[in-house]
Amino acid sequence: MMSSAASVPVLSVRSLAVDALTPEGRKPVLRDIGFDLAAGETLCIAGESGSGKSVTSLAIMGLLPKASLRVVAGNIILGERDLLTLSNRAMRSVRGGDVAMVFQEPMTSLNPVMSVGAQLTEAIREHQGSEQAEAVALRMLDAVQITDPARRLKQFPHELSGGMRQRVMIAMALSCRPKVLIADEPTTALDVTVQAQILKLMRELKAEFGTSIILITHDMGVVAEMADRVIIMQHGRIVENGQSAAIFNTPRQAYTQQLLAAVPRLGAMTGTDGPPRVTPRSGKTQQPDGEPIMAVRGLNVSYGNPGSRFLKSTPPVQAVSDVSFDIRPGETLGLVGESGSGKSTTGKAVLGLIPFTGDVVIEGRNVAGRSQRDMQPVRRAAQMIFQDPYASLDPRMAVGAAVAEPMVIHGIGNKTDRQERVAELLRRVGLTPDAATRYPHEFSGGQRQRICIARALALEPRIIIADESVAALDVSVRARVLDLLLELQETYGLAYLFISHDMAVVERMCHKVAVMRSGKIVEAGSRRDIFENPQNPYTQTLMDAVPTLPPAPVRASA
């Protein structure tokens, strides 16, 4: 079990068990979790949401919420100390000093009212004293390759990009040179190029400081890129544990095989033209010269009002500049690029959700200049699926009412008709009709996204704008949602504007691709053109930044 890199593990977890405290009594969350972490080793703990990955890391850090989770058995040995026997005061010296943690969302981990420098030096003073704290903070920001570190120390978290905030969190975690760094989904919310930079940085810092890393993720591409050894978790238990090459090439457990088979692999569709395009409710192939459902010409979006007395000295920011494209029935256009490239702004603008200039024609109607009342007929033809399904649904509204709401707004059918339509839509997206009486918090992330898809289909639209609609989902859930979108396209001839930064997903889903950078389309063409022969250096950089996965393993015979 222990790596040959060292005879004595830096950290040992033995038979760890955690219970959840619920009104109905105790329920098991973790059972019999055990592993060793060797010096200088990167151990990846992988699995889907609810598998117990993050609970394991919080138990090691002594950060389990006592009101809801409790360790009921096991040992966590760091050096010669069992962390589970230490007092809160003793654990404070361990956290940051011997074991440090980087959380998934840096904006919620950093104090928004404290400068970056104040937060960095606070951690250093806590464990190393006040002398030279600012000098150490500067060195750490430089070590994580943040530009102009002296200026960054004076800035606040909201003034930094997501990638820079995550670098600050890593600098803070490593400032006291811990023996163990726990990184919980540190790159999930980051663009592919920023992710590549963070992973490269973690490898370099491990080599420089000799820190052992526990990397928690559901992204198997990141696991393949980083891991010396891999633990696969399911339902609070370890189902497979082994060297990275063995896990990817010869997985023993069916769950591991399913997990790896569900991962989209860049290049898997090389030599093909992508999904077939069909016309609505027919099996006929859509002709390339057919009339587009959506035609965008010269789209421009800017933020900031120079006429405002509060923003007189602030010039407008051009978020989208001269963007043009067409989408035909049964066709998917992928819009890709990093955060801030203008993808989501474009998606909102084409539905008239934000002000824009230019022309957006949907089924012959120009959206430009229309009032919200005049937009109603357009919105019957065009709907949107947002990235965060929980934020998209009213938590006080039952699922059936949420799915039926668009029909109520547009005056479609009577109450009985709408109830029958809701039941049909829920079945169509793989849920049972009784889900209509439940509320969003009672469903998983993948189920909530299915509910949002059902809601988007309620008006029988011709085109759906899917804005990072699978970015936050586990690999197997994501695969099921993507299959559903393709199935709906095949059945109803839906067109999609598919906004994503996941190049492998875009390759699987799209017929055409447009690459955005700094508000402009820098390259556009067929899926084969963009993925098999990219011409723009930025497109090539996006492709190169995608973590390389081994070929999908062949299932072991029964």
Side-chain angles (χ1 to χ4, degrees), residues 264-296 323-337 341 343-344 346-348 350-351 360-363 381-387 429 449-450 452-453 456-457 460-471 473 478-516 521 523-532 534 539 542:
R265 284 165 165 78
L266 193 64
M269 297 189 68
T270 298
T272 69
D273 292 320
R277 287 188 289 130
V278 295
T279 52
R281 295 171 181 79
S282 79
K284 297 180 181 179
T285 302
Q286 170 66 26
Q287 296 302 316
D289 57 353
E291 286 297 314
I293 289 178
M294 177 180 285
V296 178
V323 165
S324 300
F325 57 80
D326 291 337
I327 305 177
R328 291 178 168 79
E331 185 175 66
T332 302
L333 169 66
L335 205 55
V336 302
S341 62
K343 309 186 303 295
S344 294
T346 299
K348 293 172 184 174
V350 297
L351 286 185
V360 177
V361 179
I362 299 175
E363 283 206 316
Q383 288 285 298
M384 192 161 190
I385 304 171
F386 294 94
Q387 177 174 354
V429 299
Q449 196 62 287
R450 288 170 181 263
C452 289
I453 292 171
L457 291 172
E460 299 187 349
R462 301 288 307 284
I463 183 168
I464 290 178
I465 290 83
D467 186 7
E468 299 281 11
S469 55
V470 296
L473 302 181
R478 178 174 59 188
R480 291 195 291 271
V481 171
L482 293 177
D483 286 342
L484 172 63
L485 292 174
L486 288 172
E487 182 187 343
L488 293 170
Q489 185 174 57
E490 182 68 25
T491 303
Y492 297 110
L494 285 171
Y496 295 118
L497 175 59
F498 194 83
I499 299 168
S500 179
H501 64 254
D502 190 323
M503 302 300 285
V505 169
V506 170
E507 183 188 31
R508 179 186 174 192
M509 292 292 295
C510 299
H511 306 93
K512 300 189 300 187
V513 181
V515 182
M516 289 193 73
I521 292 178
E523 186 168 5
S526 70
R527 187 203 59 74
R528 291 187 71 170
D529 289 339
I530 299 300
F531 281 90
E532 297 178 31
T539 310
L542 286 179

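Since the model is a prediction, treat every value here as computed from it, not as a measurement. If you read the sequence from its start, that first residue is 1, and numbering goes on from there. In what follows, every heavy atom counts, from backbone to side chain, and hydrogens, waters and symmetry copies are set aside.
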Practice problem: Walk me through it: do Phe386 and Glu468 pass the test side-chain contact (heavy atoms from CB on, under 4.5 Å)? | Solution: CA-CA 7 Å; Phe386 294 94; Glu468 299 281 11; over 6 Å; no
Quiz item: Among Thr539, Asp529, Leu333, Val506, whose side-chain contact (heavy atoms from CB on, under 4.5 Å) with Val513 holds?
Solution: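 Answer to the side-chain contact (heavy atoms from CB on, under 4.5 Å) test with Val513 among Thr539, Asp529, Leu333, Val506: Val506.
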Quiz item: Taking Phe498 as the fixed residue, which of Val336, Leu482, Ile464, Ile385 is the one that meets the side-chain contact (heavy atoms from CB on, under 4.5 Å) rule?
Solution: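 Result for side-chain contact (heavy atoms from CB on, under 4.5 Å) with Phe498: Leu482.
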Less than 4.5 Å apart, side chain to side chain, heavy atoms only: is that true for [X] and [Y]?
{"X": "Met294", "Y": "Asp326", "value": "no"}
{"X": "Ser469", "Y": "Gln449", "value": "yes"}
{"X": "Val515", "Y": "Ile521", "value": "no"}

Could you give the distance from [atom1] ([X]) to [atom2] ([Y]), rounded to the nearest 0.5 Å?
{"X": "Leu351", "Y": "Ile465", "atom1": "CG", "atom2": "CD1", "value": "4.0 Å"}
{"X": "Cys452", "Y": "Gln383", "atom1": "SG", "atom2": "CD", "value": "11.5 Å"}
{"X": "Phe325", "Y": "Leu497", "atom1": "CZ", "atom2": "CG", "value": "5.0 Å"}
{"X": "Leu486", "Y": "Leu494", "atom1": "CG", "atom2": "CG", "value": "11.0 Å"}

Taking all heavy atoms of [X] and all of [Y], pick out the closest pair and write down the distance.
{"X": "Ile362", "Y": "Ala381", "answer": "CG2-CB, 4.3 Å"}
{"X": "Val296", "Y": "Val323", "answer": "CG1-O, 3.5 Å"}
{"X": "Ala382", "Y": "Pro461", "answer": "N-CB, 4.3 Å"}
{"X": "Ala495", "Y": "Ile327", "answer": "CB-CG2, 3.8 Å"}
{"X": "Val481", "Y": "Arg450", "answer": "N-NH2, 4.4 Å"}

Practice problem: With side-chain contact (heavy atoms from CB on, under 4.5 Å) as the test, would you mind laying out the steps for Val505 and Arg478 before giving the verdict? | Solution: CA-CA 9 Å; Val505 169; Arg478 178 174 59 188; 4.2 Å; yes
Practice problem: For Gln489 and Thr332, test the side chains for any donor-to-acceptor distance below 3.5 angstrom and give the result as yes or no. | Solution: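 The criterion, which ignores hydrogens and geometry beyond distance, is satisfied for Thr332 and Gln489.
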Self-check item: All salt bridge (charged side-chain N to carboxylate O under 4.0 Å, His left out) counterparts of Asp483, not counting sequence neighbours
Solution: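 Expected list: Arg508.
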Exercise. Please name all residues satisfying salt bridge (charged side-chain N to carboxylate O under 4.0 Å, His left out) with Glu363, sequence neighbours left out, ordered by chain then number.
Key: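 Testing Glu363 for salt bridge (charged side-chain N to carboxylate O under 4.0 Å, His left out), a comparison that skips the adjacent residues, returns Arg462.
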Self-check item: Salt bridge present between Lys343 and Asp467 (N-O < 4.0 angstrom)
Solution: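 Asp467 and Lys343: not salt-bridged.
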Quiz item: Charged N to carboxylate O under 4.0 angstrom, Arg328 versus Glu291?
Solution: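 Between Glu291 and Arg328 there is no salt bridge, as every charged N stays at least 4.0 Å from the carboxylate O atoms.
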Practice problem: Applying side-chain hydrogen bond (donor to acceptor under 3.5 Å, both in side chains), name anything that partners Lys348, two or more places apart in sequence or on another chain. | Solution: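 Checked Lys348 against side-chain hydrogen bond (donor to acceptor under 3.5 Å, both in side chains); zero matches.
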Quiz item: Does Leu485 offer a backbone N or O that forms a donor-acceptor pair with the side chain of Tyr496 under 3.5 Å?
Solution: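 Answer holds: yes.
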